[in-house]
Amino acid sequence: RTPEFRQPTASMPPPEVIHRIVLEVLKGLTTYHKGYRAAFRHPDRDRLPLIRHRTLCAASDSDPLKDGVDEAAALVPDSVKAILPGERTAEDVAAKAAQIVAFLDDA
């Protein structure tokens with residue numbers, strides 16, 4: 001609710017965006033934890049080196065886990081690392097989409 005408790009790089013999104021996010025969380029209220037459990041149990045450091053296709057290892061600049069992109073990219077052969085814009089504005093979404101499309105066009 002107040003700036004001192006926010007992430008340093010994050011600004012508050014508009015109320016419409018917060019509303020959309022809250023609705024999405026509520027839709028999966030009884031199952032959202034299953035994806036997290038699966039992700040934390042998966043032996044990713046063992047499996048990522050087995051990928052044999054060009055891979056985009058990316059995160060949004062507002063993602064608190066974005067530092068993991070370096071490690072993932074180091075583990076995946078023939079990977080491309082990217083820190084993408086967040087999705088707070090239509091311009092951010094367009095810029096993010098453009099970077100993903102550029103990667104796909106280069107493949």
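Everything numeric here is computed off the predicted structure, so don't read it as measured data.
- Applying the side chain to side chain contact (heavy atoms under 4.5 Å, CB included) rule to V101 yields the partners D105; only residues at least two apart in sequence or on another chain are considered.
- In this structure, P49 and D46 approach most closely via the heavy-atom pair CD-O, 3.6 Å.
- Considering only residues two or more places apart in sequence or on other chains, S60 meets the side-chain hydrogen bond (donor to acceptor under 3.5 Å, both in side chains) condition with K96.
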Listing, residues 67-79 side-chain donor-acceptor contacts under 3.5 Å, not counting sequence neighbours, or none:
| unit_1 | atom_1 | unit_2 | atom_2 | d |
| --- | --- | --- | --- | --- |
| D70 | OD1 | K81 | NZ | 2.7 |
| E71 | OE1 | R45 | NH2 | 3.4 |
| E71 | OE2 | R45 | NE | 2.6 |
| E71 | OE2 | R45 | NH2 | 3.3 |
| S79 | OG | A73 | O | 2.8 |
| S79 | OG | V76 | O | 3.0 |

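- Rounding to the nearest 0.5 Å places CG of D106 at 11.0 Å from CG of L56.
- The shortest distance between side-chain heavy atoms of V93 and E87 falls below 4.5 Å.
- Side-chain contact between P85 and E91 is absent, with no heavy-atom pair separated by less than 4.5 Å.
- Summarising the local packing, NE2 of H19 is surrounded by 12 or fewer heavy atoms from other residues, nucleotides or ligands at distances under 6.0 Å.
- In this structure E16 satisfies the salt bridge (charged side-chain N to carboxylate O under 4.0 Å, His left out) test with no other residue, sequence neighbours excluded.
- Linking ILVMFWY side-chain heavy atoms closer than 4.5 Å, directly or via other members, places I18 and I21 in two distinct hydrophobic clusters.
- Scanning for salt bridge (charged side-chain N to carboxylate O under 4.0 Å, His left out) contacts around K34 gives an empty result, with sequence neighbours left out.
- Applying the side chain to side chain contact (heavy atoms under 4.5 Å, CB included) test to R41 and every residue at least two apart in sequence or in another chain returns R37.
- At most 12 heavy atoms of other shown residues, nucleotides or ligands fall within 6.0 angstrom of atom NE2 in H53.
- Scanning both residues, T55 and I51, for their nearest heavy atoms gives OG1-CG2, 3.4 Å.
- Under the side chain to side chain contact (heavy atoms under 4.5 Å, CB included) criterion, R20 pairs with V17, not counting sequence neighbours.
- Residues satisfying the side chain to side chain contact (heavy atoms under 4.5 Å, CB included) test with Y36, not counting sequence neighbours, are Y32, F40.
- Distance NZ/K66 to CG/L84: 11.5 Å, rounded to 0.5 Å.
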